[in-house]
**Q** 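Right, I'll just put the structure down here and ask away after.
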Amino acid sequence: MSAAKLKLELSDGKQVEVEHGISPHDLAQRVNGELADRAIAAKLDGEIVDLDRPLERSGRIEFLFEDDEDQDSLYVLRHSTAHVLATAVRSIWPDAGIGFGPPIADGFYYDFDVDSPFTPEDLEKIEERMKEVVAADEPFERREVERQEARELFSDDPYKLERLEEIPEGETISIYRDGAFVDLCRGPHLPSTGAVKHFKILHSAGAYWRGDERRAMLQRIYGTAFFEKKDLEEHLRRLEEARKRDHRIIGKQLDLFSIQDDVGPGLIQWHPKGAMIQFLLRRFLEDELLKRGYDFVYSPHIAREALFRRSGHLQAYSEVMFPAMESEGEKDNYRLKPMNCPFHMSIYASGQRSYRDLPVRYAEIASDYRNEKSGTLHGMLRVRGLTMDDAHIFCRPDQVEDEIYGMLDLVANIYGTFGLEYRLDFATRPAKRIGSDQVWDEAEDALRAAIERRGLTYAVDPGGGAFYGPKIDVKFVDAIGREWQGATIQLDFVLPERFDLNFVGSDNQKHRPVMIHRAIYGSFERFIGVLIEHFAGAFPLWLAPVQVRLIPVTDDFIDAAREVAVALREAGVRVELDDRSETVSYRIRDGELQKIPYLGVIGQREADAGTVAVRKRGAEKKQVVLPLAEFIEQVTAENRTRALG
RNA sequence: GCUGACGUAGCUCAAUUGGCAGAGCAGCUGAUUUGUAAUCAGCAGGUUGCGGGUUCGAGUCCCGCCGUCAGCUCCA
């Protein structure tokens, strides 16, 4: 070991010279005692290290504290809490095998190999035992070991051994001990188990070792941890809130859709109110597409297998295609379509195309069917029958950038209307691909140029593109923080080849067009599912299935209310009359629970004055009395501008 | 698909050790005519997901199927 001094730069810019092997804790002690008391871990040139880890190189050192803004401190806490969990489980089930136990976005998990799955009672017992582990305040001891020693230490833990053998020669192998529990672990950890404060075990479920369904199923326990009690409570409250926003629950309460046993899993039945939302989204998009030079096409739900063989779907996509329908006496079987591209290719190929015709933009709102694995189905967000807002653009290579630009503009327009946050993933050429490097260069440059011309930021997913072309994925986030794929823009070098598409150029020669697949909503099912959660069912006026509900105070004013309803309806407003023989309070409550944007009460005063007593959803002022004409103007203006509320 | 939990009226949920399937809301009928988040009464509503089995007796126990939910990527 070298006795040379280390030069460390502190976060305030001060340089200190210290002896080789000093621990961050001792360093903090030297700087000031208060710092040493508060620090929970340190960072050397951005790498998180334990407080007692000997420092062996110069660099920039920072300390992590409980109240740091970023996630690094929480990461350490949750990683340590996962070890506390494993410590507790091992003390109850000494023979439990251990898998991985990392911190994750909102907490941590640990995988165990046990004879029978954990019951809810087991989880309670584990949580109690964890509290004892915390109370024991055992230090987390880090130790570097030789490979052979690690092999012996984990000789009973096949999963750890497997991981151990993957660590390259020459890399440090570290183990962490707290009390009786020893784990192969890169760390870092809190100083001791006592530093784990507020945690909760959430649930357990089976998880394949390394996510591979051919391998053993372990039992994964999920939990979360925070430094402050209030943060834990806030997190649990958010989970509860997310549960209430669940589109499956709201969809039932507001009678938007259902999934019926007798129809089949993953197949959405759109009830009138849900269908109205789909209709409105569809009309909004279709109007935009007409302005942007798209042509509408319609294609059948089924086609001969030969079509999908030519497109390559039968070879590459067959596991999600429903089985063939036999057709007696026909030369070929039929298949339900999982995508629309083959049909649009076929339409394009049906006639001669001139370079003057390009770009050709075929748009279709189409029903596709995919036999997704049963366990992956999830309400409207993952279904077997989906309604895509699909389009295929055929253009010259020099038109690609402008086309992409136009699509990103459409995405911004549509998503902005809903106030949805989204981000872009730009997936570039994979190792295994078709097409020359020159083609890929041009394509990627065009995509990048279009994104940058719009001033958007994006993440690059190197090698994430399909073998047939690069793509831009638009990801948006639902109420529980899950990220879903929304819009997708995808270049395709394969299908124009397979369908031998061409156009006649100004040189009177045949040329291959570039093809772009794109969807804006993605699917109406998923998009509306996310919108339900995004708005918690309280849709902006222009999307609300019922925009105004009128409540006559007594039966004497039903006629007056009916006249108001007619006037509203003639102005294009979706209006409903609640003339049930219930109290005003009852009907107001019902209207509020149904999240109707405007409730209008009509009694003697309003009938006499030609006004409506308007109650706007979510408004500060509970009630405003407006002349009918003014009310109509307010509602229609809000509708026209697609105001968010 | 796999592992586990679950499946009772339209909805949300009850129903001791196996012992007469219930409540609230919604619905229907009647009364009430109501002024901004639940008026009162009555009625009706079920092959307890489906099919087998054990038992004198099954919502409850056993087997099979269907479905729902959670998880199965986040690399010691």
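Letters A, B, ... mirror the listed sequences (proteins, then strands); counts begin at 1.
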**Q** Going by purine N1 to pyrimidine N3 plus the second Watson-Crick contact, or the G-U wobble pair, all under 3.5 Å, which nucleotide sits opposite C2(B)?
**A** G71(B)
**Q** Could you tell me which nucleotide pairs with A15(B) by Watson-Crick or G-U wobble geometry, both distances under 3.5 Å, or answer none if nothing does?
**A** none
**Q** Inspect the contact between E576(A) and R574(A) and indicate whether a charged nitrogen and a carboxylate oxygen are less than 4.0 angstrom apart.
**A** no
**Q** Measure from the side chain of P117(A), starting at C-beta and using heavy atoms only, and say which of U33(B), G4(B), G35(B) lies closest.
**A** G4(B)
**Q** Describe the nucleic acid contact of Y208(A) in one word from base, sugar-phosphate, nothing, applying a heavy-atom distance below 4.0 Å.
**A** base
**Q** At 4.0 Å (heavy atoms only), tell me whether R587(A) reaches a base, stays on the sugar-phosphate, or touches nothing.
**A** nothing
**Q** On a whole-Å scale, what distance lies between the C1' atoms belonging to A21(B) and C63(B)?
**A** 25 Å
**Q** Roughly how many Å apart are U47(B) and G42(B), using the P atom of each and rounding to a whole number?
**A** 26 Å
**Q** In terms of side-chain heavy atoms of P265(A), which of G1(B), G67(B), G35(B) is nearest?
**A** G67(B)
**Q** Please work out if I167(A) contacts a base, only the sugar-phosphate, or nothing of the nucleic acid, heavy-atom cut-off 4.0 Å.
**A** base
**Q** Could you tell me the Watson-Crick or G-U partner of C43(B), where both distances fall under 3.5 Å? Say none if there is no partner.
**A** G27(B)
**Q** Just how far, in rounded Å, is P of U32(B) from CD of E582(A)?
**A** 14 Å
**Q** Can you tell me how the ring of H83(A) sits relative to the ring of F140(A), calling it parallel under 30°, perpendicular over 60° and tilted otherwise?
**A** perpendicular
**Q** Cation over ring, R78(A) on F226(A), under 6.0 Å and within 45°?
**A** yes
**Q** So, is K252(A) near the phosphate of G10(B), with a side-chain N or O under 4.0 Å from OP1 or OP2?
**A** no
**Q** Is the backbone N or O of T457(A) less than 3.5 Å from a side-chain atom of R423(A), with the two atoms forming a donor-acceptor pair by type?
**A** no
**Q** What's the gap between U48(B) and G59(B) when it is taken at their P atoms, as a whole Å value?
**A** 7 Å
**Q** Once you apply the 3.5 Å cut-off to both distances, tell me the Watson-Crick or G-U wobble partner of A9(B), or none.
**A** none
**Q** Closer than 4.0 Å, any side-chain N/O of Y586(A) to the OP1 or OP2 of U36(B)?
**A** no
**Q** Does a salt bridge link R243(A) with D246(A), judged by any charged N lying under 4.0 Å from a carboxylate O?
**A** no
**Q** Counting any heavy atom closer than 4.0 Å, what does Q219(A) reach on the DNA or RNA strands: base, sugar-phosphate only, or nothing?
**A** sugar-phosphate
**Q** Assess whether ring pair (Phe, Tyr, Trp, His ring centres under 6.0 Å) is satisfied between Y110(A) and F108(A), documenting all intermediate values.
**A** CA-CA 7 Å; Y110(A) 212 113; F108(A) 61 88; 8.9 Å; no
**Q** Looking at the side chain of V584(A), which of C74(B), G35(B), G71(B) is the nearest nucleotide?
**A** G35(B)
**Q** Take atom CD of Q253(A) and atom P of C11(B), then tell me their distance rounded to the nearest Å.
**A** 13 Å
**Q** Pairing check on G64(B): which nucleotide meets the Watson-Crick or G-U wobble criteria with it, both distances under 3.5 Å?
**A** C50(B)
**Q** Could you state the CG-P distance from L239(A) to C69(B), rounded to the nearest angstrom?
**A** 18 Å
**Q** Is the distance from OP1 or OP2 of C75(B) to the nearest side-chain N or O of Y159(A) less than 4.0 Å?
**A** no
**Q** Does S374(A) put a side-chain nitrogen or oxygen below 4.0 Å from OP1 or OP2 of G1(B)?
**A** yes
**Q** Would you say H203(A) reaches A5(B)'s phosphate, i.e. side-chain N/O to OP1/OP2 under 4.0 Å?
**A** no
**Q** It should be established whether R248(A) places a side-chain nitrogen or oxygen under 4.0 Å from OP1 or OP2 of nucleotide A70(B).
**A** yes
**Q** Just name whichever nucleotide pairs with U32(B), Watson-Crick or G-U, keeping both distances under 3.5 Å, else none.
**A** none
**Q** Tell me the interatomic distance from L593(A), atom CG, to A37(B), atom P, rounded to whole angstroms.
**A** 11 Å
**Q** Has the side chain of S581(A) got a donor or acceptor that lies under 3.5 Å from a partner of the other kind on the base of U34(B)?
**A** yes
**Q** Describe the nucleic acid contact of Q260(A) in one word from base, sugar-phosphate, nothing, applying a heavy-atom distance below 4.0 Å.
**A** nothing
**Q** Mind checking the C1' distance from A5(B) to U17(B)? Whole angstroms is fine.
**A** 24 Å
**Q** Would you call E166(A) and R210(A) a salt bridge, using N to O less than 4.0 angstrom?
**A** yes
**Q** Between A37(B), G71(B), C75(B), spot the one nearest the side chain of A207(A), thanks.
**A** G71(B)
**Q** Under 3.5 Å, is there any donor-acceptor pair linking the side chain of E372(A) to the base of G1(B)?
**A** no
**Q** In whole Å, what is the span from the CD1 atom of I221(A) to the P atom of A5(B)?
**A** 15 Å
**Q** Given A38(B), C72(B), C2(B), which nucleotide is nearest the side-chain atoms of R220(A)?
**A** C72(B)
**Q** Look at all strands and tell whether G211(A) reaches a base, only sugar-phosphate, or nothing, counting heavy atoms closer than 4.0 Å.
**A** sugar-phosphate
**Q** Looking only at side-chain N and O atoms, does Y222(A) come under 4.0 Å of OP1 or OP2 in C72(B)?
**A** yes
**Q** Measure the distance from CG on D111(A) to P on U3(B) and round it to the nearest whole Å.
**A** 17 Å
**Q** With rounding to whole Å, what would you report as the distance between C69(B) and U8(B) at their P atoms?
**A** 14 Å
**Q** Would D156(A) and R90(A) pass as an ion pair if we require N to O under 4.0 Å?
**A** no
**Q** Between T376(A) and P103(A), who's closer to the 5' end of RNA chain B by nearest nucleotide?
**A** T376(A)
**Q** Is K373(A) salt-bridged to E319(A), cutoff N-O under 4.0 Å?
**A** no
**Q** Would you measure the distance from the C1' atom in U33(B) across to the matching atom in U68(B) and give it in whole Å?
**A** 45 Å
**Q** What's the CG-P distance between D555(A) and G35(B), to the nearest Å?
**A** 13 Å
**Q** Checking all strands, does S258(A) fall into the base, sugar-phosphate, or nothing category for heavy-atom contacts under 4.0 angstrom?
**A** nothing
**Q** With nearest nucleotides of RNA chain B determined for S174(A) and W209(A) from heavy-atom distances, which residue corresponds to the more 5′ nucleotide?
**A** W209(A)
**Q** So, is R580(A) close to the G27(B) phosphate, meaning a side-chain N or O under 4.0 Å from OP1 or OP2?
**A** yes
**Q** Which nucleotide wins on minimum distance to the side chain of S585(A), given the candidates G71(B), A37(B), G4(B)?
**A** A37(B)
**Q** With a 3.5 Å cut-off and heavy atoms only, can you find an N or O donor on one side and an acceptor on the other between the side chain of R615(A) and the base of A37(B)?
**A** yes
**Q** Taking CG from L218(A) and C1' from U3(B), how many angstroms apart are they, rounded to a whole number?
**A** 11 Å
**Q** If you measure from the C1' atom in A15(B) to the same atom in G22(B), how many Å do you get, rounded?
**A** 7 Å
**Q** Tell me what K160(A) touches on the nucleic acid: a base, only sugar-phosphate, or nothing, going by heavy atoms under 4.0 Å.
**A** sugar-phosphate
**Q** Looking only at atom C1', what distance separates U55(B) and G18(B), rounded to whole Å?
**A** 9 Å
**Q** Is a side-chain donor-acceptor pair under 3.5 Å present for D178(A) with T193(A)?
**A** no
